[in-house]
Amino acid sequence: MRVTQFIVDHFVPARAHVKDQKSTFDRFGATWTPTQLILDSAGKEHHRIEGFLPVDDFLAQLKLGLARLAFERADYQEAEQRYGNICREHPASGAAAEACYWTGVAQYKSRNEPGPLRETARFLGEHYPQSEWTRKASVWMG
Amino acid sequence: MATKETIPWIQDPDQALARAREEHKPVLYDFSAAPM
């Protein structure tokens with residue numbers, strides 16, 4: 001139910017079936033099911049989810065897509081808020097470490113000083129030591 | 001997704017993009033093999 005409400009509140013929902021709408025799969029480059037794409041109104045893809053996910057992981061991925069849209073339009077304050085919410089509200093999801101990483105980047109972009117990057121690297125090392133995003137952030141430890 | 005019964009999915013991509021322009025929302029496009 002919370003996924004349904006989240007989708008209705010934040011997106012225009014569209015669906016194509018692999019048997020009936022192959023041309024739509026081809027148009028947007030969907031090659032597997034289930035796949036969800038987050039598109040802007042021009043049809044440009046901003047986020048892709050491939051494969052089944054449990055509810056919490058799926059919700060976190062939808063939120064990751066909205067955060068990415070804010071980041072790409074250089075609204076770093078909104079991006080920081082959206083990524084930070086995922087980091088705090090979905091800490092066990094597969095999207096969490098990525099969201100925490102981008103929270104730090106959005107803070108850095110917003111404030112133009114490197115402190116948030118070091119703090120993000122430290123946080124990721126403490127909470128997600130096995131994550132690729134922790135290894136990406138390791139360069140910020142100086 | 002187990003939500004297909006209650007979400008008003010649009011099946012025409014151009015209609016979905018037009019609605020996105022009107023409502024200033026992104027499109028969530030679900031590519032599915034589940035019964036519709």
Problem set entry | Residues that B:Ala33 engages under side chain to side chain contact (heavy atoms under 4.5 Å, CB included), provided they are two or more places apart |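 In terms of side chain to side chain contact (heavy atoms under 4.5 Å, CB included), with neighbours along the sequence ignored, B:Ala33 is linked to A:Val18, A:Thr33.
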
Problem set entry | Charged N-O contact under 4.0 Å between B:Lys25 and A:Asp40 | no

Exercise. Is any side-chain N of the basic residue among B:Asp12 and A:Arg15 closer than 4.0 Å to the acidic one's carboxylate O?
Worked result: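 Salt bridge between B:Asp12 and A:Arg15, a charged N being under 4.0 Å from a carboxylate O: no.
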
For this session: Considering only Ile, Leu, Val, Met, Phe, Trp and Tyr, and joining two whenever side-chain heavy atoms are under 4.5 Å apart, list the other residues clustered with A:Met141.
Result: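 Its cluster mates, by chain and number: none.
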
Problem set entry | chain B interface, residue from A:Gly65, A:Ala14, A:Pro13 that has the most non-hydrogen pairs under 4.5 Å | A:Ala14

Exercise. Given the rule in the side chain to side chain contact (heavy atoms under 4.5 Å, CB included) test, do A:Gln36 and A:Phe58 qualify, once you have shown the distances and angles that lead to the verdict?
Worked result: CA-CA 10 Å; A:Gln36 289 86 32; A:Phe58 184 65; 3.3 Å; yes

Exercise. Who in residues 66-94 of chain A is close to chain B, using a strict under-4.5 Å heavy-atom cut-off?
Worked result: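 Counting heavy atoms that sit under 4.5 Å from chain B, the residues of residues 66-94 of chain A involved are A:Leu66, A:Leu69.
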
For this session: Just jot down the ring pair (Phe, Tyr, Trp, His ring centres under 6.0 Å) partners of A:Phe11, sequence neighbours excluded, or say none.
Result: none

For this session: Under 4.5 Å, counting heavy-atom pairs only, tell me which of B:Arg21, B:His24, B:Gln15 racks up the most with chain A.
Result: B:Arg21

Exercise. Considering all heavy atoms of both residues, which atom of A:Ala137 and which atom of A:Ala121 are nearest to each other, and what is their separation?
Worked result: O-CB, 3.3 Å

